[in-house]
Amino acid sequence: MAAVDPFTEASAVALPGLGRALVSAGKLGQKAAEEIYRKAQANRTSFIAELTGSGAVSAADLAHTMGTAFGAPVLDLDAIDTTRLPKGLLDRKICADFRIVVLSKRNNRLIVATADPSDQSAAEKIKFATQMGVDWIIAEYDKLTKMVESLGTSATEAMDSIIGDDFEFDESTIDSTIAEDDGAATSDVDDAPVVKFLHKMLLDAIGMRASDLHFEPYEHTYRVRFRIDGELREIASPPVAIKDKLASRIKVISRMDISEKRIPQDGRMKLKVSAERVIDFRVSTLPTLFGEKIVIRILDPSSARLGIEALGYEPEEKARLMEAIGRPYGMILVTGPTGSGKTVSLYTCLNLLNKPGVNISTAEDPSEIGMPGVNQVNVNEKAGLTFAAALKSFLRQDPDVIMVGEIRDLETADIAIKAAQTGHMVMSTLHTNDAPATLTRMRNMGIAPFNIASSVILITAQRLARRLCGQCKKPIDIPYETLIDAGFKEEQVDGSWTPYQPVGCSACNNGYKGRVGIYQVMPISEDMQRIILADGSALEIAEQARKEGVRSLRESGLHKVRQGMTSLEEVLAVTNE
C-alpha cells in the first residue's frame, strides 16, 4: 500500500506529513507542532526524533495514530525474531538514515516497518534502490530505532563497513609527526582489529545513550564499561593484549603524546557518523598499575539546546531562574557534584541569552559544548591562561555575559565578583552539597560577606536522578512510616498519588530510561543578604530559604516521586537530608 499524505491543510510553518497528521488527529496542537519542527531544524534532527524525545507524544500513541491516519497495520516489534529477518534486500545505510526495517518480500513489493509512513523520500529511495514497491507496516519509533541499531552493529557485514566512508574520525586533527620516531606505535595506530573494536564501542555507546566509556586494564583482564543514565555497566571484556594498541590509537586521534605513558593526558576527538552528524569526545588518560585507563566523555551539543523545560525545572523554579538571568548584572552559581549536569544547565541559560545584541564569553577547562555566537576560551594552566587571566581579559572585551567553568580560588572569585558588581552577568559553578552551603564555601575561600551579598543573585543546586521507564514501571505499596521517614509531610501522604518502582523491559535499562534533574533554586533575598552580612551559617540561610518557599534537594526529589517520574529509592540515593 503506497503511503499517501491525506492532509493538505495550510499552516504558518510547512509541517511535514507526520506533523499535519498529528494535528489533524488532535494529538498535537498546531503551535506545539510548529515549535517542535523548528527545534528539529535548529538541532539538525528529524521531526519524529525531536517529537518523541520531547515527550509531546509517546511512541506507542504515535504508532496507533499513524496506523489510523494512513490505514496501515501496527506491529509490535518485540514479537519479531531478528534472526529470521531477510538480509541484503536493502542497503544498511538507507535503513539507518530513515529508521526502517525490511520485514519480508512479497512478489515485487517490500514489507517495511516504519514509524513515519508520510515520509515520501524514504519510499522513493527504497524504490530507486530496489526497483520494488513499498508496503508500510507501522512500528513504535523507540523499538524501531533499537532494532535498526542492533541490526546495524551486530552483523559481520556492518562491522566490515564501520571504517568506511560513512563512519570516520576527523583525521585532520591528528599531528602527522606525532609518531614518526616510534615504529611500534605507528603499527598500533594502523592495527585494523583495534580500529574496528574502538569504532564499534563508540557506535554502541552512542546507540545506548551512554555519557562515558571506560577502558580499564588489569593484570589478567581488560574491561569496557559504559555509564548509562548515571550507572556504570560492563559491556565488553576484550583480550588484555590489545590494551597498548588501543591506547595508542585513541591517543593519536586525540592529539596526545603516545610516547608518554607516565603522566595523565587530556585530549579531544571528533567522529563523523554521517554526512550531517559529527560527535565530539573528550578523552582523559590515567597511568595505572597495569596500563593506561582511558575515559571518553561523549559531548552532545544538542543537549544544551533542549530548552529549559526539558531539564526538569518545576514552574516556580523555572520562574525564579528566568527572572535571575533576565537581570542586567549579578552572579548566578550552579552547584553539584561532577556529572550532575551543571554544564548543560549553564549552557541552557547561555542559549537563552545568546542573541546578536549580547556579547558572551566563556572560560572552561575544557569547553565541552560548542555554541555558535559565544566566544569560548579553553583554560591552559601551563601557558599561563588561568581562569583569573581569562576573566581579566574578558573585562577588556566589552562583555555582557561571562561564564566561568568553575570558581576554584580566591583570585578567580574576586574578579568574578567585581565583574558582577560592575554591570556584567556572571555565571559559574562550585562544588558544594546544596545552595545554602555555597555561601559558606565562598566565605571560607576568603571572600568578604559584603561582596557575596552584593553580587550573588541566585544559587541553584542540582542532582540527576534516573527517570522511570514509562512502559514498564508499576505501582508499589510503600508503608506510611517509610514515606514519613523519607521526608514526606503528613498531609502529602493522603493517597492522592501513587509511588512507582522500576521493573525492566526491552525499551529501558533495568527499569529506568533517561534522567531528570532535581533542583534547589534559591534566589538571594534581602533577608538572606542580612544573614550573609552578619556572617550567618549555612543552617541559618537554609532556614530562611525554607521560610521563603525554597525546596531542599530532598523535597524537590520527593516531588518528582509524587509525579511518578522517578522512584523513592533513587531519590534517597542521590540526595542527602
Test log, rule salt bridge (charged side-chain N to carboxylate O under 4.0 Å, His left out), inputs Arg282 and Asp212:
CA-CA 9 Å; Arg282 190 183 72 196; Asp212 301 86; 5.8 Å; no
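- Summarising the geometry, atom NZ belonging to Lys342 is positioned 10.0 Å from atom OG belonging to Ser428; distances are rounded to the nearest 0.5 Å.
- The aromatic rings of Phe215 and Phe197 lie perpendicular to each other, with more than 60° between the two planes, well past the 30° mark.
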Could you go through the salt bridge (charged side-chain N to carboxylate O under 4.0 Å, His left out) check for Glu231 and Arg233 one step at a time?
CA-CA 6 Å; Glu231 185 179 57; Arg233 294 173 56 193; 5.7 Å; no
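- Residues Ser118 and Asp116 bring a donor and an acceptor atom of their side chains to less than 3.5 Å of each other.
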Stepwise salt bridge (charged side-chain N to carboxylate O under 4.0 Å, His left out) check, Lys143 with Asp76:
CA-CA 8 Å; Lys143 294 180 180 179; Asp76 184 0; 2.9 Å; yes
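- For the pair Thr114/Ile137, no side-chain contact is recorded, criterion being any heavy-atom separation below 4.5 Å from C-beta on.
- Smallest separation of non-hydrogen atoms from Arg463 and Leu553: NH1-CD1, 3.7 Å.
- For the salt bridge (Lys or Arg N to Asp or Glu O under 4.0 Å) with Glu570, the lone residue among Lys473, Arg466, Arg515 that qualifies is Arg466.
- In summary, the side chains of Ser345 and Gln462 do present a donor paired with an acceptor at a separation below 3.5 Å, with no hydrogens or angles considered.
- The two atoms that bring Ala115 and Ile48 nearest to each other are CB-CD1, 3.5 Å, heavy atoms only.
- Atoms CG and CD, from Leu385 and Glu381 in turn, are 8.5 Å apart once rounded to the nearest 0.5 Å.
- Using a 4.5 Å cut-off on side-chain heavy atoms (C-beta onward), Met269 and Leu202 make contact.
- Using a cut-off of 4.0 Å between Lys/Arg side-chain N and Asp/Glu carboxylate O, Asp266 and Arg297 are scored as not salt-bridged.
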Checking Glu216 against Arg223 for the salt bridge (charged side-chain N to carboxylate O under 4.0 Å, His left out) test, could you report, in this order, the C-alpha distance in whole Å, the side-chain angles of both residues, the deciding distance, and whether it holds?
CA-CA 5 Å; Glu216 302 170 317; Arg223 72 176 177 182; 2.6 Å; yes
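- Contact detail for Ala363 and Phe387: the closest heavy-atom pair is O-CE2, 3.2 Å.
- Using modelled atom types and a 3.5 Å distance limit, the side chains of Gln397 and Asn375 yield no donor-acceptor pair.
- A donor-acceptor pair shorter than 3.5 Å cannot be found between the side chains of Arg467 and Tyr512.
- Shortest non-hydrogen contact noted between Ile100 and Val148 is O-CG2, 3.6 Å.
- The two atoms that bring Ile138 and Pro117 nearest to each other are CD1-CG, 3.5 Å, heavy atoms only.
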Trace of the side chain to side chain contact (heavy atoms under 4.5 Å, CB included) decision for Lys125 with Asp97
CA-CA 11 Å; Lys125 190 83 171 180; Asp97 287 347; over 6 Å; no
Criterion ring-ring contact (aromatic ring centres under 6.0 Å, His included) on Phe290 and Tyr218, from CA distance to verdict
CA-CA 5 Å; Phe290 304 105; Tyr218 299 97; 7.7 Å; no
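- A donor and an acceptor atom, one from each side chain of Asn351 and Thr348, are nowhere located under 3.5 Å apart.
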Worked check of side chain to side chain contact (heavy atoms under 4.5 Å, CB included) between Glu406 and Glu364:
CA-CA 7 Å; Glu406 183 182 351; Glu364 298 170 86; over 6 Å; no
